[in-house]
Amino acid sequence: MPDPDQQQQLQQLEAKLDAARKRNAPKPRVDEHYSQANLAWRMVIELVAGLGIGFGIGYGLDLLFGTLPIFMVLFVMLGLAAGVKTMLRSAKEIQEKQLAEQAKKNEGA
C-alpha cells in the first residue's frame, strides 16, 4: 500500500487529469451548419411568400375587374418589396442574436 504522500500526489494528479479532460472534452454538437441552413430557408420562404401573396392579390383583382395584368404586376412588385423588407428584418434579428451571444461569450471569458 502506498504511503500517504504518494496517495496525496496521486489524488492531485487525478484532479489535474479530470480538469484537463473537462477542458478538452468536445462540446455537445449543435449542428451549426443546419441551423444556418434553416435560417437561409426561412429567408427564402419569406421572399417567396411575399411574391406569392402579391401575385394572388393582383391576379384576383385583374379577374375581378377584367383588366390587363396591371394589378398583377403592381402587386407582384409590392410583394417583392414586402418580402425583401421581411428578409432584412430577419437578417437583422439573427445578427443581433449572434452579437448578443458573442458578447456573452466575451464577458464570460
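From a predicted model like this one, the values you see are computed outputs, not experimental measurements. For the numbers below, each heavy atom of this structure counts, side chains included, while hydrogens, waters and symmetry mates do not.
If you take CD on Gln95 and CG on Leu88, they are separated by 11.0 Å, rounding to the nearest 0.5 Å. Of the inter-residue distances, the one linking Ile45 atom CD1 with Thr86 atom OG1 reads 13.0 Å to the nearest 0.5 angstrom. Atom CE of Met87 and atom CD of Glu46 lie 8.0 Å apart (nearest 0.5 Å).
Ile53 and Val84 are members of different hydrophobic clusters when ILVMFWY side chains are connected at heavy-atom separations under 4.5 Å. Under the 4.5 Å side-chain heavy-atom criterion for grouping Ile, Leu, Val, Met, Phe, Trp and Tyr, Ile94 is not connected to Trp41 through any hydrophobic cluster. Phe55 and Leu78 end up in different hydrophobic clusters when Ile, Leu, Val, Met, Phe, Trp and Tyr side chains are linked at under 4.5 Å. Under the 4.5 Å side-chain heavy-atom criterion for grouping Ile, Leu, Val, Met, Phe, Trp and Tyr, Leu51 is not connected to Val44 through any hydrophobic cluster. Connection of Leu47 to Val76 is established within a shared hydrophobic cluster, with ILVMFWY side chains joined at heavy-atom distances below 4.5 Å, either directly or through further cluster members.
Scored by the ring-ring contact (aromatic ring centres under 6.0 Å, His included) test, Phe71 finds Phe65 as partners (sequence neighbours excluded).
Applying the salt bridge (charged side-chain N to carboxylate O under 4.0 Å, His left out) test to residues at least two apart or on different chains, the pairs with a partner in residues 4-22 are Asp18-Arg21. Annotation: salt bridge (charged side-chain N to carboxylate O under 4.0 Å, His left out) contacts involving residues 80-102, sequence neighbours excluded, comprise Arg42-Glu93. Among residues at least two apart or in separate chains, there is no salt bridge (charged side-chain N to carboxylate O under 4.0 Å, His left out) pair with a member in residues 50-75.
Residue Leu99 is found outside any hydrophobic cluster, as its side-chain heavy atoms come under 4.5 Å of no other Ile, Leu, Val, Met, Phe, Trp or Tyr. Side-chain heavy-atom separations under 4.5 angstrom define the hydrophobic clusters, and the remaining members of the one that includes Ile70 are Leu68.
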